[in-house]
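Here is the structure we will look at.
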Amino acid sequence: MLNEVEFLLCAALTLAGAVAAMTMRNLVHCALCAAGAFAGLAALYLQLDAQFVGFAQFLVYVGAIAILIVFTVLLTRGAELQPGVSTASPGAGAGVLVGALVLGCLIAAIMSSPSLLRLPSQAAHAPVKRIGEQLMNQYVMPLETIGLLLTAALLGAVVIALREPPKSEPPAR
């Protein structure tokens, strides 16, 4: 019973953060709500005993991607939406209809799958410590290369965001 309550709280946090991220008008608030949705998803992974995926979700998405989104919004000085301007596109109804159709097809395919009748296989045991040892011993060069690549991308984004527009020259007489 307690496990179900925890699941429902994590699911509610995730859904509320996702809906708020899609509906709020302030870009910084949207980014923070997306970080809340990422954190709720990480909590769901941890509850399902997928420690590595949960910690990776928390570190990568909440710790890096959400902060990168906030910095991007702040560095690019994103224009705020005007109060009287509608944000919905003319095809929003068609998008909702297509989304509902895709969701219905996915539910029908999952419910008719024969794999629902099979018992689950033995769970693979891959503790976070063993995965970390592999990353730090056998796969240390790819890990460091990815770190350098992401750092270079972040520095490039900062340089592009801080570049001043060319000054217009006064008209010649």
Side-chain angles (χ1 to χ4, degrees), residues 1-73 86-147 149-150 153-154 157:
M1 178 67 182
L2 181 63
N3 206 13
E4 292 174 6
V5 173
E6 291 173 1
F7 172 77
L8 291 175
L9 286 174
C10 291
L13 171 71
T14 305
L15 287 176
V19 169
M22 295 302 295
T23 57
M24 287 189 164
R25 298 176 70 83
N26 188 331
L27 294 177
V28 176
H29 294 162
C30 290
L32 293 175
C33 288
F38 294 151
L41 192 58
L44 286 172
Y45 286 137
L46 290 173
Q47 188 182 23
L48 292 171
D49 289 332
Q51 286 89 9
F52 180 75
V53 178
F55 291 141
Q57 171 80 20
F58 192 76
L59 288 173
V60 172
Y61 283 98
V62 178
I65 302 297
I67 301 303
L68 185 64
I69 291 170
V70 171
F71 281 160
T72 303
V73 169
S86 172
T87 58
S89 68
V96 170
L97 180 66
V98 168
L101 183 65
V102 168
L103 180 65
C105 290
L106 285 173
I107 289 174
I110 290 170
M111 296 308 285
S112 65
S113 173
S115 63
L116 289 176
L117 303 175
R118 289 185 289 192
L119 293 174
S121 62
Q122 181 76 15
H125 186 66
V128 176
K129 182 178 179 183
R130 197 170 88 203
I131 295 172
E133 287 172 353
Q134 288 288 317
L135 281 175
M136 288 305 179
N137 293 327
Q138 187 175 356
Y139 299 106
V140 70
M141 285 304 290
L143 185 68
E144 288 183 3
T145 304
I146 290 172
L149 180 67
L150 290 174
L154 179 63

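Small disclaimer: the values here were computed from a predicted structure and weren't measured. Note: hydrogens, waters and symmetry copies are ignored here, and every other heavy atom, side chains too, is used.
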Do you know the tightest heavy-atom contact between Gln57 and Ala42? CG-CB, 3.6 Å
Check whether more than 12 heavy atoms from other residues, nucleotides or ligands sit under 6.0 Å from atom CZ of Phe38, and answer yes or no. yes
Is a donor on one side and an acceptor on the other found under 3.5 Å between the side chain of Gln134 and the backbone of Tyr139? no
Heavy-atom pair of closest approach, residues Leu143 and Leu135: CD2-O, 4.2 Å
Work out which heavy atom in Cys33 is nearest to a heavy atom in Met24; give both atom names and the distance. SG-SD, 3.8 Å
Where the side chain of Thr14 meets the backbone of Cys10, is there a donor-acceptor pair that is under 3.5 Å apart? yes
Mind checking the CD-CD spacing from Gln47 to Glu4? Nearest 0.5 Å is all I need. 10.0 Å
State the CG-CG distance between Leu46 and Leu41, to the nearest 0.5 angstrom. 10.0 Å
Sequence neighbours excluded, the answer for ring-ring contact (aromatic ring centres under 6.0 Å, His included) partners of Phe58 is none
dist Leu150:CG -> Thr145:OG1 (nearest 0.5 Å) comes out at 11.0 Å
Is the shortest heavy-atom distance from the side chain of Glu6 to the side chain of Leu9 under 4.5 Å? no
Here the pair of heavy atoms bringing Ala34 nearest to Ala21 is N-CB, 3.8 Å
